[in-house]
Amino acid sequence: MAARIPTLDIRRFDSDRDAFVAELGAAYREWGFAGIGGHGIPQSDIDNAYRVFVEFFALPEAVKMKYHVPGSGGARGYTPFGVETAKGARHFDLKEFWHIGREIPDDSKYREVMPPNLWPTEVEGFREYGYGLYQALDRLGSRVLAALALHIGLPEDWFADKTDFGNSILRPIHYPPITTDDIPNERAGAHEDINLITLLVGASAAGLEVKSRKGEWVPFTAEEDVIVVNIGDMLQRLTNHVYPSTTHRVVNPRGEEARKPRYSTPFFLHPNPDFVIDVLPATVTADNPSRYPEPITAQGYLEERLREIKLK
């Protein structure tokens with residue numbers, strides 16, 4: 001029987017810490033992915049956020065385009081269908097999306113690279129529920145990072161002051177119905193994420209597949225009360241591939257399922273823009289020499305990758 005991506009209850013981080021950290025670390029070393037249960041985010045908060053996101057995507061195209069900021073790399077607001085393209089892919093992804101970023105003061109040193117949020121006035125509750133979900137996932141992500149830090153011998157709070165003003169993004173996504181069978185595009189082409197970790201809450205349909213170390217595509221559709229959390233390229237680089245950033249995709253469903261829309265909402269947890277991504281000495285060994293002799297800032301890395309996926 002094929003191995004399956006584990007799901008772990010994060011409440012054990014408080015009640016059975018050593019065992020939980022060992023199991024979580026092992027899951028990420030093997031898969032780069034895990035399901036996180038017991039996360040404490042009320043289902044009603046998730047449902048309310050999805051309701052306002054669906055309402056926004058149902059607006060006329062001309063209304064949605066009011067919130068598109070050309071030349072911004074999609075940093076805030078709306079990115080229309082047919083723009084984002086997986087690195088190295090020939091065809092664009094079949095999706096449109098919105099970006100919610102961190103709310104910071106205008107006099108913050110990060111304001112130049114972290115613009116103010118846009119909020120659609122046409123959808124009541126969008127800001128309240130959208131940013132509420134952002135904050136809940138930010139808190140949960142910090143707990144996951146604390147466990148991962150302990151697993152590789154760092155202090156539990158090692159990431160705290162490196163992500164407290166992280167350029168993190170909540171991305172509500174709409175994959176419209178597919179109306180033809182011979183389309184060459186995928187809903188989301190095979191890719192790795194850019195950031196430290198990604199938290200995916202409440203995908204409304206199957207489709208996510210994760211590439212195993214043996215090169216097999218393993219479907220991963222979590223239970224309703226489970227949040228899928230995966231490693232991104234920044235954490236892979238920081239940990240010298242101890243935590244791998246695993247290739248994944250969203251495949252097109254077949255038959256009548258393809259005629260239905262799909263919604264999902266990943267939260268991309270980033271470090272502070274000026275954080276320097278430099279291989280952690282503890283992850284360099286004789287069997288795993290440093291793969292990245294040159295450090296790079298989180299902002300520099302982000303901009304490099306946005307160009308590769310056609311958002312810059």
Hey, could you give me the [atom1]/[atom2] distance between [X] and [Y], rounded to the nearest 0.5 Å?
X      : Y      : atom1 : atom2 : result
Ser142 : Leu137 : OG    : CG    : 10.5 Å
Ile169 : Arg76  : CD1   : CZ    : 4.5 Å
Arg237 : Ile194 : CZ    : CD1   : 13.0 Å
Ile5   : Glu30  : CD1   : CD    : 10.0 Å
Thr247 : Trp217 : OG1   : CH2   : 6.0 Å
Phe57  : Tyr263 : CZ    : OH    : 8.0 Å

(request) Please report the C-alpha distance between Leu199 and Ile36 in whole Å, then the side-chain angles of each, then the deciding distance to 0.1 Å, and finally whether the side-chain contact (heavy atoms from CB on, under 4.5 Å) criterion is met. (result) CA-CA 9 Å; Leu199 296 87; Ile36 299 295; over 6 Å; no
Can you name the closest pair of heavy atoms from [X] and [Y] and give their distance?
X      : Y      : answer
Leu24  : Ala34  : CD1-CB, 4.5 Å
Trp158 : Leu238 : CZ3-CD2, 4.0 Å
Arg262 : Leu208 : NH2-N, 4.0 Å
Ala298 : Ile277 : CA-CD1, 3.9 Å
Gly166 : Met114 : O-CE, 3.7 Å
Trp31  : Pro6   : CD1-CD, 3.7 Å

Of Phe267, Phe268, Tyr129, the one forming a ring pair (Phe, Tyr, Trp, His ring centres under 6.0 Å) with Tyr134 is Phe267
Do Val218 and Arg4 pass the side-chain contact (heavy atoms from CB on, under 4.5 Å) test, and can you show the C-alpha distance, the side-chain angles, and the key distance before you say yes or no?
CA-CA 8 Å; Val218 178; Arg4 283 290 166 262; 3.6 Å; yes
Margin query: Between Leu154 and Phe275, is there shared hydrophobic-cluster membership here, with clusters defined by ILVMFWY side-chain heavy atoms closer than 4.5 Å?
Written below: yes
Between Val113 and Ile104, is there a shared hydrophobic cluster once you connect ILVMFWY residues whose side-chain heavy atoms come closer than 4.5 Å?
->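 Yes, one cluster joins them.
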For [X], does the [atom1] atom have more than 12 heavy-atom neighbours from other residues, nucleotides or ligands under 6.0 Å away?
X      : atom1 : value
Gln135 : CD    : yes
Asp18  : CG    : no
Glu112 : CD    : no
Glu294 : CD    : no
Phe13  : CZ    : yes

* Check step by step if side-chain contact (heavy atoms from CB on, under 4.5 Å) holds for Leu280 and Val242. => CA-CA 10 Å; Leu280 292 164; Val242 168; over 6 Å; no
With a 4.5 Å limit on heavy-atom distance, are the side chains of [X] and [Y] in contact?
X      : Y      : result
Val144 : Tyr28  : yes
His68  : Trp98  : no
Asp274 : Gln299 : no
Glu96  : Lys64  : yes
Arg213 : Pro244 : yes
Thr265 : Leu200 : no
His151 : Tyr243 : yes
Thr239 : Leu148 : no

Is the backbone of [Y] close enough, under 3.5 Å, to the side chain of [X] for a donor and an acceptor to pair up by distance?
X      : Y      : result
Ser264 : Ile173 : no
Asp9   : Arg11  : yes
Ser168 : His270 : yes
Asn240 : Pro289 : yes
Asp193 : Ser245 : no
Asn230 : Gly32  : no

*Pair Tyr292-His241, side-chain donor/acceptor within less than 3.5 Å*: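 The answer is yes; a qualifying pair exists.
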* Would you sort out whether Phe97 and Tyr78 count as a ring pair (Phe, Tyr, Trp, His ring centres under 6.0 Å), showing the intermediate values? => CA-CA 6 Å; Phe97 54 88; Tyr78 176 65; 8.1 Å; no
Practice prompt. Verify side-chain contact (heavy atoms from CB on, under 4.5 Å) between Ile100 and Leu133, making sure each step is shown before the conclusion.
Written response: CA-CA 10 Å; Ile100 297 171; Leu133 185 59; over 6 Å; no
Trace of the salt bridge (charged side-chain N to carboxylate O under 4.0 Å, His left out) decision for Arg127 with Glu103 | CA-CA 11 Å; Arg127 179 174 188 164; Glu103 298 271 70; 2.7 Å; yes
Problem - Phe53 ring center near Phe126 ring center (under 6.0 Å) - result: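 Yes - the distance between ring centres of Phe53 and Phe126 falls below the 6.0 Å cut-off.
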Exactly one of Asp164, Thr163, Asp161 clears side chain to side chain donor-acceptor pair (under 3.5 Å) with Asn272, and that residue is Asp164
Worksheet entry | Whether His248 and Phe33 hold their rings parallel, tilted or perpendicular, with breakpoints at 30° and 60° |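 Rings of His248 and Phe33: perpendicular, over 60°.
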